[in-house]
Amino acid sequence: MATAGEVFRRSLTETVGQVCDDSSSSSELHVLAVDDSLVDRKVIERLLKISSCKVTAVESGTRALQYLGLDGERASVGFNGLKVNLIMTDYSMPGMTGYELLKKIKESSVLREIPVVVMSSENILTRIDRCLEEGAEEFLLKPVKLDDVKRLKDFIMKGDGKDGGETRILKRKRLDDYASLSSPSPSVACDASSPLMPSSSPSARSSKRAKLRNKD
Amino acid sequence: MERSPLLRQVAHQRQTLFDEGLLDEQFVRLEELQDRTNPNFVEEIVTTYYQDTSRLILNIEQELERRPLDFGRLDGYMYQFNGSSTSFGAKKVKAECSLFREYCRAGNGEGCMRTFQQLKREYATLKRKLEAYFQLARQARLTQTASPPG
């Protein structure tokens, strides 16, 4: 009977899936989410799980560094042996801010390769600038949407965030997308209220700033 | 197949929450994250939101009794309140949070206290109406599972 065969095949796939689970070459991304707000942790966790990512959510930068083993021998490997492929951190947290966490990660020779995304409910340009300059891949305005997560996931899956060139290509492409929507003005002024942007999207701004920086 | 009166009531009550400006599209996004594998996601978030915010309300109340007022601390608490409310989609509550923070920045204690009272009123209204809505929705789910699909 076809039904029995289907059931057998399904359970076999599940078993194989489990065996491959702890491999770093697994198709599932492992994301470390850092946020002091329990509501936000739950939401980001759900967004990531829906996007087929494994999630570890912690409430502080200190806990994040502990998890990453910055003080230990095993870098970028969590307690359960899963490599962290992406770190998403809130900016404003008591104790260690997301910015300080970002700095510590980028200063670490073993952790700096992990892409870091900073999230904030406040759209402050100096904040965005500072994070991008420190090496953040992206700055997301809260509330984070499913589209944001999907876009991040695609980006990470393509180049593992290691290729700086690819980062520039992605950001430049998004900038072009916005440009094609409105008037074809080539000028990219260092101005938040640039008419180039149809909406004041911080991710668009972040890509604009990245492009400016890359020109230097 | 026509919707049962109960389902129509649930839909109507839900729509009212948006029409009255209590909730914004973030709440809709949360609803969209709920599915068969996670059927209680929205209610979990609601519970977490209440836990978060009731703690903050107590903290703010205590702070507002201090003399002189520590606007820095007040703003800090309200920042968290605003953050949770934003992630939840509590539109009116969020607006009061923003107003409160403006008064903090201006060092206006009276404005803070007045706004906080308003915020608590909005918050209580939201809680009451959400509870009524979820209760009705639960009722509807029960009657749905009781009667097999036609």
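Below, each value reflects all heavy atoms present in this structure, side chains not excepted, and no hydrogens, waters or symmetry copies. The structure presented is a predicted model; accordingly, all values stated were derived computationally and were not measured.
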Charged N to carboxylate O below 4.0 Å: is that the case for [X] and [Y]?
X	Y	answer
A/Asp154	A/Arg151	no
A/Arg127	A/Glu133	no
A/Glu134	A/Lys103	no
A/Glu45	A/Lys49	yes

(message) List the residues meeting salt bridge (charged side-chain N to carboxylate O under 4.0 Å, His left out) with B/Glu63, not counting sequence neighbours, and say none if there are none.
(response) B/Arg66, B/Arg73
(request) Identify, with sequence neighbours excluded, every residue that meets salt bridge (charged side-chain N to carboxylate O under 4.0 Å, His left out) alongside A/Arg112. (result)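 Applying salt bridge (charged side-chain N to carboxylate O under 4.0 Å, His left out) to A/Arg112 gives none.
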(request) Hey, could you give me each pair passing salt bridge (Lys or Arg N to Asp or Glu O under 4.0 Å) that has a residue in residues 90-101 of chain A? Not counting sequence neighbours. (result) A/Asp90-A/Lys142
Contact part of [X] toward chain A, heavy-atom cut-off under 4.5 Å: side chain, backbone, both or neither?
X	answer
B/Phe41	side chain
B/Asp35	both
B/Thr47	neither

(message) Please classify the contact of A/Leu38 with chain B as side chain, backbone, both or neither, using a heavy-atom distance under 4.5 Å.
(response) both
(message) Shorter than 4.5 Å, heavy atoms on both sides: which option in B/Asn82, B/Asn38, B/Asp52, B/Ile45 has the most such pairs with chain A?
(response)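 Highest number of heavy-atom pairs under 4.5 Å: B/Asn38.
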(request) Compare every heavy atom of A/Ser51 with every heavy atom of A/Lys150, then report the nearest pair and how far apart it is. (result)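 In this case the closest contact between A/Lys150 and A/Ser51 is CG-OG, 4.1 Å.
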(request) Enumerate by number any residue of residues 85-115 of chain B whose heavy atoms lie under 4.5 Å from heavy atoms of chain A; in the absence of such residues, state 'none'. (result) B/Thr86, B/Ser87, B/Arg101
(message) If I take atom CG from residue B/Leu56 and atom OH from residue B/Tyr123, how far apart are they, to the nearest 0.5 angstrom?
(response)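 These two atoms lie 9.0 Å from each other.
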(request) Could you tell me which of A/Lys42, A/Glu122, A/Arg46 has the largest number of non-hydrogen atom pairs under 4.5 Å with chain B? (result)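 Winner by heavy-atom pair count: A/Arg46.
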